[in-house]
Every structure is written in C-alpha cells, then in structure tokens.
Amino acid sequence: MSSTNAFTRRGFLAASAGAAGAIGLSPLLAACGNNGGKGGASTKAAIQAVLPTYKPLSGGVTPDIPSVPGTNGAMTDPGFLKYPSTLPKTVTGQVGSGGRYAGVAPSWNPVPPAGNSYYEAVNKALGATFVSQPANGNTYNTVIPPLIAADKLPDWLSIPGWLNPTFDTGGLVGTKLADLTTYLGGDAVLEYPNLAAIPSGGWKCGIWNNRLYGIPSQTDSLSFAGAIYYRKDLLDAKGITPNVKTAQDFEALGREINNPGGGVWAFDDMLVYLYQVFKVPLGGWYLENGKIKNVGEHPAMLECLAWANKIAKAGLVHPDAIAGVNTSNPSRFMAGKVYIEAGGMAGLSGPDAKNGTAGKAGYQRALFPLFSSDGSTPSIGLGGSSGWMSYLNKNLNPEQIKECLRIANFFAAPFGSFEYNLLNYGVEGVHYTMGPEGPVFTKEGSNTAADGIFGFFSTAQTAVYNAGYPDVTKAMEAWCADAAKHAYKPMFWNLNISVPSQFSKTAAQTELWDATQAVAHGKQPVSYYQDAYSRWKSGGGDALGTWYQQNLIDKGLS
C-alpha cells in the first residue's frame with residue numbers, strides 16, 4: 001500500500017506502543033483467540049486444502065524496484081519511485097448487483113460525512129452501495145464487543161489481528177462470520193483475479209479451524225515488526241558514521257553522542273526492537289529438542305533485558321521514555337531530542353521525511369543495517385503476512401456473499417491501477433488533482449477521500465511508494481532486500497490458534513510485559529523480571545505450554 005494513504009498497518013505499529021508490546025510478548029503471529037471451548041488450530045493439510053490458488057495479476061503496472069527473494073519464503077514488496085502515468089483497469093464487467101452492505105472498520109481520522117461525493121463515486125463504480133461506517137480506531141476494542149453481544153454485527157467487519165482475543169474471533173467464525181471456503185478456496189478464487197494475486201501468506205491468516213473465513217488486507221511478503229533508526233543528519237554534523245556490528249558497538253555509539261546537559265539523549269525506548277539484536281525468539285515461544293518453551297526461559301531474553309537496564313541506568317535513554325511517555329508532537333526523534341529510536345517500518349516514509357524537513361531543513365532518518373549483539377550473523381523474525389482481516393456476516397445469503405467478494409476483488413486492485421486510484425484518491429478534478437508527484441487532494445478530497453477506509457476490507461499486496469521522496473523508497477527497499485536474507489519464520493507463524501478460555505489471561509502475559517518495562521527502564525533489577533516470570537509459570541504459564549505441546553507441537557501443527 002502506498003504510504004501516502006492516511007493509515008497503514010505499518011503506520012499503526014509505528015505509532016502504537018501497545019501494539020509494540022504485543023509484538024514482543026504475545027504469539028502475535030499466532031493471533032490467539034478464545035472460543036471458550038477446547039481450543040485448537042488448523043492442520044497443515046487442511047490449510048493447504050482450503051488455501052486460495054495464488055495467481056499473479058497480469059496487466060498491472062511494472063514496479064521500478066521489483067520484489068527480490070530472501071530466505072524462508074521472504075520476498076520484498078515491489079517499489080515505485082513515481083506515480084504511474086497511466087492507470088490500467090484490473091476489473092472488467094459488472095461488480096455489484098445493486099446490493100447494499102454496511103462495513104465497519106477503524107479510523108484514526110475525522111469521520112467523513114455520510115453520503116459524500118467520494119463515497120458516491122466509489123459506489124457508482126461498484127454498482128452497489130457500500131455504506132462505510134468508520135469507528136474510532138483508538139477505541140475500536142470497545143466498539144465491536146457490544147455489537148457482538150447484541151448480535152448486531154454489520155455485513156462486513158474489519159478485525160485487526162491483535163484484537164482477535166478481544167473480539168473472540170475464534171469463537172465468531174462459523175457462528176457469526178461466514179465460511180468462505182467454497183467461494184474462495186483452491187481455484188474458486190480465480191473468479192476474482194485481484195484476490196487471487198494476494199500472496200498465500202495473507203490468506204493463511206484468515207484460516208480458522210481448517211476453514212477459510214477472512215479476507216486479507218495489506219498483505220506483506222516481507223513483514224517485520226520494525227527496525228532501529230538514527231538521525232543521519234545530526235550524526236553527520238558530528239562527523240560520525242555509525243558502524244555498529246555488536247551491542248558493545250551500539251552502547252559505545254550511545255555514550256559518544258549522549259548529551260543530557262544539552263537536552264539530547266542517545267536512545268529512545270527500544271526494548272521490543274532489541275529482541276532481534278539479541279536474537280530473542282519472536283512470538284513468545286520457541287522449540288528446543290522438540291519441546292516448546294516460553295521466551296522467558298531463553299538466555300537471550302535476560303541478556304537483552306540486562307543490556308536495556310544498563311543503558312537506562314547509565315542515563316542514555318530519554319527520561320520521558322523512562323517515564324513511559326510515548327506520545328508527543330513532534331516526536332522526540334523528530335525534535336532532535338534523541339538520536340536513535342526504534343519503531344515500525346513506517347518510520348522511514350515520505351510523510352516522515354516531509355514532516356521532518358518542515359521542522360528542520362536537512363532532516364534525514366536512516367536505518368541501522370541488521371546486527372547482532374555478539375557480532376554473529378544477524379536474524380530477524382517475519383511478522384504475520386497480514387495483520388488485518390475482514391469478515392462477512394454469516395446471515396448473508398450466497399448471492400450476497402458473491403457480490404461482496406466481487407466488491408472485495410475491486411478493493412484489492414493493485415497500486416497504480418484505475419481502481420486503486422479511485423479508492424485512494426477519488427475523482428480527478430473533484431477529490432484530487434494530478435501533480436508531478438502523483439495525486440494531490442483537493443479540499444473536498446481531504447474531507448472525504450483521505451481516510452483510506454476501503455483498505456480495511458481488502459487490498460492488494462503492499463507496494464512501497466513515497467510521493468516526492470524516491471530516495472526514501474530506495475533506502476527502504478535496499479534495507480529490506482538485505483533483511484530478507486536473514487529472515488526466519490517464528491513458531492506459529494501465520495497460524496490462528498484458539499486457546500481454551502482458562503488460558504486467556506495467561507496468554508496475554510500482561511504482568512510479564514509490565515515487568516519487562518520496569519527492568520528495561522532501569523527501575524527494577526533483572527531479578528524482578530525473573531520473579532515475575534516464575535509467578536507467571538506457576539500461575540498458568542507451564543500449563544499453557546503443556547497445552548501448546550500436546551495440541552500443537554505433538555500433532556505437528558506448528
């Protein structure tokens with residue numbers, strides 16, 4: 001997805017400390033649910049049986065930077081240095097049949113007025129009425145449960161993966177949400193060419209209990225939790241070119257640039273992004289000699305915490321980060337109050353470059369190449385291929401489901417296509433004008449077409465594009481191409497798991513997360529985390545591990 005969109009999954013990860021915590025501690029890639037029953041997961045054979053056939057789309061726009069393969073199935077997303085001058089159509093024939101469907105998705109932008117000219121233009125192209133119902137993204141976790149409880153789910157519902165436990169998606173599939181297996185499984189998806197071009201990893205995220213339910217959005221073939229960034233312009237001014245190969249190098253750099261007396265600190269809060277440096281297994285669980293273990297038992301976890309604790313006590317971390325203050329405008333990094341921060345992949349983007357240079361001419365964000373704490377070959381865990389899924393209401397009849405899938409196929413048009421342009425920018429002359437760097441919203445478009453709401457129901461594979469900042473795209477693509485060589489699939493990667501209800505609190509690991517924060521911020525010793533971990537184990541962690549072992553590992557499902 002173009003980073004010019006108002007919201008992206010990457011963008012959310014960059015902005016949300018809560019999501020960052022989820023990355024590090026929960027089986028993020030396993031998207032746990034809680035159906036109140038015995039729990040379980042899909043089998044490998046069943047996943048393959050219901051997985052839609054992957055067929056790349058022909059006739060789309062050729063990227064300036066093609067995807068390149070890495071290890072373990074990793075593949076970089078295509079990159080575009082400029083907005084396409086021609087906009088090929090990828091959808092032919094009738095889309096809708098005059099149906100009317102309400103779709104609820106989160107939004108972090110002002111809600112456009114209902115029935116506006118942008119919605120009308122999209123509905124005209126669809127041949128149906130899609131009633132977009134944006135809900136407050138900041139409180140989305142509280143918006144949907146009452147609808148579930150009252151059995152008033154909309155026709156089409158967007159659910160971010162990290163809210164699966166909150167919404168009990170594992171319990172909703174089949175009872176409230178429609179089984180799409182017969183409509184999309186195997187070659188059936190070929191009836192919807194744009195949907196068939198979504199990489200298989202995205203579809204795996206929509207499989208529950210051996211059946212296909214979810215339609216993926218913003219699928220990445222190379223999804224990472226994030227990266228570590230530095231202010232290149234500020235370090236250049238000091239004559240410093242970072243050459244970090246180990247944690248020791250990293251600390252030495254921090255001590256060299258740290259200047260609290262001048263109101264500048266070396267580091268912001270980086271804990272979960274240090275996991276990749278210390279090779280803490282992503283996803284919270286790992287295998288050792290065929291036995292599942294929690295990340296709290298991995299030596300790298302304590303090494304990582306000890307290092308974070310040390311730099312915090314040494315005064316190398318901004319005091320607001322130590323205090324847990326995660327929001328400010330502009331950010332501490334952009335304001336030049338910290339030289340180094342870590343965050344989601346949206347950190348390096350056109351909007352960041354634009355906002356940064358508006359505050360300080362010459363602002364430049366750069367990525368540290370991957371490195372490991374001990375100088376060994378680095379590694380980086382793949383994130384879930386799609387953190388967003390949309391689901392159709394089970395009460396829809398088969399013809400209505402097919403109509404919605406044709407609409408989803410329209411929504412999944414790739415970057416640079418006619419449909420993509422309409423969905424993301426509206427109508428030329430009304431909602432945008434075409435400038436040298438691509439579409440530019442008019443006032444009408446800014447008020448109606450800039451929330452990217454349709455992208456929460458279905459999209460094509462993510463594409464990297466930063467309007468007016470081709471060097472940013474080049475830098476991101478180069479970093480990703482290198483990182484792809486070191487990618488690994490964490491345990492339970494892209495696997496939906498429903499844990500029994502008695503393990504809901506244990507699986508959330510809230511107390512452990514609080515303990516890691518206290519230690520990483522230098523407020524408590526490492527032993528504080530070890531004590532919390534012991535309590536977690538005896539309070540249900542060991543039993544949860546046994547459940548995973550017996551129901552997933554021993555059955556060959558991981």
In short, Phe415 meets Ala463 closest at the heavy-atom pair CB-CB, 3.9 Å
Which value, rounded to the nearest 0.5 Å, describes the distance between Leu382 atom CG and Thr71 atom OG1?
-> 7.5 Å
Could you check Asn141 against Thr166 for side-chain hydrogen bond (donor to acceptor under 3.5 Å, both in side chains), going step by step and ending with a plain yes or no?
-> CA-CA 7 Å; Asn141 62 321; Thr166 303; 5.9 Å; no
Minimum heavy-atom separation for Pro154 to Ala102, with atom names?
-> CB-O, 3.6 Å
Across all chains, not counting sequence neighbours, the salt bridge (charged side-chain N to carboxylate O under 4.0 Å, His left out) partners of Asp179 are Arg211
Short question: side chain of Asn136, backbone of Trp108 - any donor-acceptor pair under 3.5 Å?
-> no
Separation between OG (Ser385) and CE (Met75), nearest 0.5 Å, reads 12.0 Å
According to the salt bridge (Lys or Arg N to Asp or Glu O under 4.0 Å) rule, which pairs have a member within residues 148-167, sequence neighbours left out?
-> Asp151-Lys176
Provide the closest heavy-atom pair for Phe224 versus Ala487 in the form atom of the first, atom of the second, distance.
-> CE2-CB, 4.3 Å
Derivation and outcome, side-chain contact (heavy atoms from CB on, under 4.5 Å), residues Trp547 and Val499 = CA-CA 9 Å; Trp547 184 88; Val499 300; 4.1 Å; yes
Side chains of Ser107 and Asp451: is there a donor and an acceptor less than 3.5 Å apart?
-> no
Value rounded to 0.5 Å, distance of CG in Asn109 from CD1 in Ile453 | 8.5 Å
Gap separating the NZ atom of Lys55 from the CD1 atom of Ile198, nearest 0.5 angstrom = 15.0 Å
At their closest point, which heavy atom of Pro145 faces which heavy atom of Tyr140, and how far apart are they?
-> CD-O, 4.5 Å
Identify which one of Asp542, Thr506, Asn294 satisfies the side chain to side chain donor-acceptor pair (under 3.5 Å) criterion when paired with Lys537.
-> Asp542
Any donor-acceptor N or O pair under 3.5 Å, side chains Asn466, Ser349 | no
Please state whether the rings of Phe411 and Phe454 are parallel, tilted or perpendicular, taking 30° and 60° as the class boundaries.
-> tilted
Trace of the ring pair (Phe, Tyr, Trp, His ring centres under 6.0 Å) decision for Trp388 with Trp162 | CA-CA 9 Å; Trp388 291 90; Trp162 57 88; 5.4 Å; yes
Between OH on residue Tyr548 and CH2 on residue Trp285, distance to nearest 0.5 Å | 6.0 Å
Might you work through the ring pair (Phe, Tyr, Trp, His ring centres under 6.0 Å) test for Tyr118 and Tyr425, ending with a clear yes or no?
-> CA-CA 9 Å; Tyr118 165 65; Tyr425 300 104; 9.8 Å; no
Within the distance-only criterion (no hydrogens, no angle test), does the side chain of Thr459 pair as donor or acceptor with the backbone N or O of Gln218 below 3.5 angstrom?
-> yes
Minimal non-hydrogen separation, Ile228 against Met270, with atom names = CG2-SD, 4.4 Å
Residues that Leu302 engages under side chain to side chain contact (heavy atoms under 4.5 Å, CB included), provided they are two or more places apart | Val526, Tyr529, Gln530
Applying side chain to side chain contact (heavy atoms under 4.5 Å, CB included) to Val111 and not counting sequence neighbours gives Pro134
Distance-only, no hydrogens or angles: does the Ser158 side chain make a donor-acceptor pair with backbone N or O of Phe456 under 3.5 Å?
-> yes
Would you check if the side chain of Asn496 reaches a backbone N or O of Gly170 as a donor-acceptor pair within less than 3.5 Å?
-> no
Side-chain contact test, heavy atoms from C-beta onward, threshold under 4.5 Å: evaluate it for Asn194 versus Phe410 and give yes or no.
-> no
Polar contact flag, side-chain donor to acceptor under 3.5 angstrom, Asp220-Thr462 | yes
Quick check: does any side chain N or O of Gln524 sit under 3.5 Å from a backbone N or O of Ala515, one acting as donor and the other as acceptor?
-> no
Any pair counted as salt bridge (Lys or Arg N to Asp or Glu O under 4.0 Å), so long as it reaches residues 134-148, sequence neighbours left out | none
Kindly give the heavy-atom pair with the smallest separation between Tyr273 and Ala225, and that separation in Å.
-> CE2-O, 3.4 Å
Is the side chain of Ser386 donor-acceptor paired with the backbone N or O of Thr219 at a distance under 3.5 Å, no angle test?
-> no
Looking at residues at least two apart in the chain, or sitting in another chain, which of them share a ring-ring contact (aromatic ring centres under 6.0 Å, His included) with Phe457?
-> Phe130, Trp156
Will you find, in the side chains of Gln461 and Ser221, an N or O donor that is under 3.5 Å from an N or O acceptor?
-> yes
Any donor and acceptor pair, going by atom type alone, linking the side chain of Asn393 with main-chain N or O of Leu396 inside 3.5 Å?
-> no
Polar side chain donor-acceptor pair, Ser379 to Gln276, under 3.5 angstrom | no
With sequence neighbours left out, write down each residue that passes side chain to side chain donor-acceptor pair (under 3.5 Å) with Glu403, or none if nothing qualifies.
-> Tyr101
Counting only N and O atoms by type, is there a donor-acceptor contact under 3.5 Å from the side chain of Ser42 to the main-chain atoms of Asn209?
-> yes
Residues forming a side chain to side chain donor-acceptor pair (under 3.5 Å) with Asn409, sequence neighbours excluded | none
Under 3.5 Å: donor-acceptor pair, side chain of Gln517, backbone of Asp514 = no
Apply side-chain contact (heavy atoms from CB on, under 4.5 Å) to Val131 and Gln133, showing your working.
-> CA-CA 6 Å; Val131 182; Gln133 296 181 341; 4.2 Å; yes
Does Glu341 have any salt bridge (charged side-chain N to carboxylate O under 4.0 Å, His left out) partners at least two apart in sequence or in another chain, and if so, which?
-> Arg365
What salt bridge (Lys or Arg N to Asp or Glu O under 4.0 Å) pairs are there with at least one residue in residues 499-512, not counting sequence neighbours?
-> Glu511-Arg535
Evaluate the side-chain contact (heavy atoms from CB on, under 4.5 Å) criterion for residues Glu477 and Trp479: first the C-alpha distance (whole Å), next the side-chain angles of each, then the deciding distance (0.1 Å), finally the verdict.
-> CA-CA 6 Å; Glu477 290 283 4; Trp479 187 90; over 6 Å; no
For side-chain contact (heavy atoms from CB on, under 4.5 Å), just list the numbers for Ile401 and Tyr183, CA-CA rounded to whole Å, side-chain angles, deciding distance to a tenth of an Å, and then say yes or no.
-> CA-CA 8 Å; Ile401 288 177; Tyr183 302 94; 3.9 Å; yes
Using a 4.5 Å cut-off on heavy atoms from C-beta on, say whether the side chain of Thr448 contacts that of Tyr119.
-> no
Partner set under side chain to side chain donor-acceptor pair (under 3.5 Å) for Glu288, not counting sequence neighbours | Lys293
Do Tyr391 and Trp208 have side-chain atoms, one donor and one acceptor, less than 3.5 Å apart?
-> yes
Value for CG (Leu172) from CD1 (Ile159), rounded to nearest 0.5 Å, stands at 6.0 Å
Test side chain to side chain donor-acceptor pair (under 3.5 Å) applied to Thr53 - qualifying residues, sequence neighbours left out | Asp187
